[in-house]
Structures are given as structure tokens and as C-alpha cells.
Amino acid sequence: MSLDKPTNTFAEIYEIVRKIPLGKVSTYGRIAAILGSTSGARMVGYALNHAHVDSSIPAHRVVNRNGQLTGKMHFHPPQLMQQLLENEGFIIENDQIVNFKENLWP
DNA sequence: TGGATGACTTGCA
DNA sequence: GTGCAAGCCATCC
């Protein structure tokens with residue numbers, strides 16, 4: 001595999017996440033569905049785990065289907081994810097986006 | 001080279 | 001209404 005860029009599947013995920021506009025969020029399952037694999041949500045999460053190398057990827061805008069910040073622990077510091085979301089107008093409560101459905105990116 | 005793991009989701013018992 | 005198991009694909013040891 002080339003080390004210059006990720007595989008096509010990962011590249012697709014990165015592209016989609018990058019398209020998420022400011023003030024909007026998306027879910028792992030949503031992105032996985034776009035890729036054609038509803039069950040591939042795990043892949044999306046794993047891809048974002050490696051996406052931190054590219055600061056242009058707003059990984060903090062991707063949450064699980066409940067709007068919960070399951071991946072915040074992979075940020076440094078972990079509260080950075082919540083802080084970024086709050087900075088974009090989101091309301092975080094108990095590591096969960098309160099107005100998540102209202103700002104869900106189609 | 002092969003097996004195990006992971007920021008998830010969905011369906012069935 | 002709750003709990004368990006299977007599926008997807010790439011990376012790591």
C-alpha cells in the first residue's frame with residue numbers, strides 16, 4: 001500500500017468528512033452508508049482514528065448514531081472534541097450532542 | 001503469514 | 001424493552 005495516501009476506502013471517508021460544513025455533524029453509519037457498507041461503520045471510526053494526521057479533517061464532527069462523542073478519547077486533550085463542537089454552536093451534555101439531530105448533515 | 005482488534009450499526013431472540 | 005451476535009475493512013503484532 002502506498003504510504004503517501006490512504007486506500008480508496010479511507011480516502012473516500014476523508015473526502016466525505018471534509019465535506020461536512022461548519023456547524024453540522026454526521027454519523028459513522030451515515031458515512032458508511034455513503035460508501036455502500038452500512039456495517040462498515042467500524043471502518044469509518046478506524047479511518048478517523050488515523051485521520052488525526054490531517055488537521056483538515058474535522059473528525060470531531062463525526063459521532064455515533066446517538067450523537068455521542070465516542071471518539072473524544074482519541075483527541076488530545078479529549079475535551080478538545082467537545083470544545084470544538086461547542087465553538088461551532090453545539091450543545092454538549094454528558095459527552096452527547098443535545099441538538100445533534102437538528103444539525104445532522106444529510 | 002495469520003490472527004486479533006477497533007472512534008459502529010443493525011437485527012433477532 | 002433488553003441483550004447478544006454478526007458483518008464490514010484496514011492496520012498492528
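No hydrogens, no waters, no symmetry mates; every other heavy atom, side chains included, goes into these values. In what follows, chains are A, B, ... by sequence order, proteins preceding strands, each numbered from 1.
Taking the C1' atoms as reference points, C:dG3 lies 23 Å from B:dA7, given to the whole Å.
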Output a table of donor-acceptor pairs, distance under 3.5 Å, between side-chain atoms of residues 15-32 of chain A and any protein atom two or more places apart or on a different chain; print 'none' if there are none.
| from | atom 1 | to | atom 2 | distance (Å) |
| --- | --- | --- | --- | --- |
| A:R18 | NH2 | A:D54 | OD2 | 3.2 |
| A:T27 | OG1 | A:R30 | N | 3.1 |

Show every donor-acceptor pair shorter than 3.5 Å between a side-chain atom in residues 98-106 of chain A and any protein atom, with sequence neighbours excluded, or say none if there are none.
| from | atom 1 | to | atom 2 | distance (Å) |
| --- | --- | --- | --- | --- |
| A:N99 | OD1 | A:I91 | N | 3.2 |
| A:N103 | ND2 | A:N99 | O | 2.8 |

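Applying the ring-ring contact (aromatic ring centres under 6.0 Å, His included) rule to A:H74 yields no partners; only residues at least two apart in sequence or on another chain are considered. Remark: A:R65 engages no residue in a salt bridge (charged side-chain N to carboxylate O under 4.0 Å, His left out) (not counting sequence neighbours).
Separating the CG atom of A:N49 from the C1' atom of C:dC9 is a distance of 14 Å, rounded to the nearest angstrom. As a whole-Å value, the separation of A:L48 CG from C:dT11 P is 14 Å.
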Identify each atom pair where a protein N or O and an N or O of nucleotides 5-7 of chain C are less than 3.5 Å apart, giving names and distance.
| from | atom 1 | to | atom 2 | distance (Å) |
| --- | --- | --- | --- | --- |
| C:dG7 | O6 | A:R42 | NH1 | 3.0 |
| C:dG7 | N2 | A:S39 | O | 2.9 |

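Minimum heavy-atom separation, A:M81 to A:H60: CE-O, 3.4 Å. When all heavy atoms of A:V63 and A:Q68 are compared, the closest pair comes out as CB-O, 3.5 Å.
Between atom CD1 of residue A:I97 and atom CD of residue A:Q82 there is a gap of 9.5 Å, rounded to the nearest 0.5 Å. Rounding to the nearest 0.5 Å gives a distance of 6.5 Å between CD1 of A:I13 and OG1 of A:T9.
In terms of phosphate contacts, A:T9 brings a side-chain nitrogen or oxygen within less than 4.0 Å of OP1 or OP2 of C:dA10.
Here the range on DNA chain B touched by chain A, meaning any atom under 4.0 Å from one of its heavy atoms, is B:dG6 to B:dT10.
Using a 4.0 Å heavy-atom criterion, one finds that A:A47 contacts no nucleic acid atom at all.
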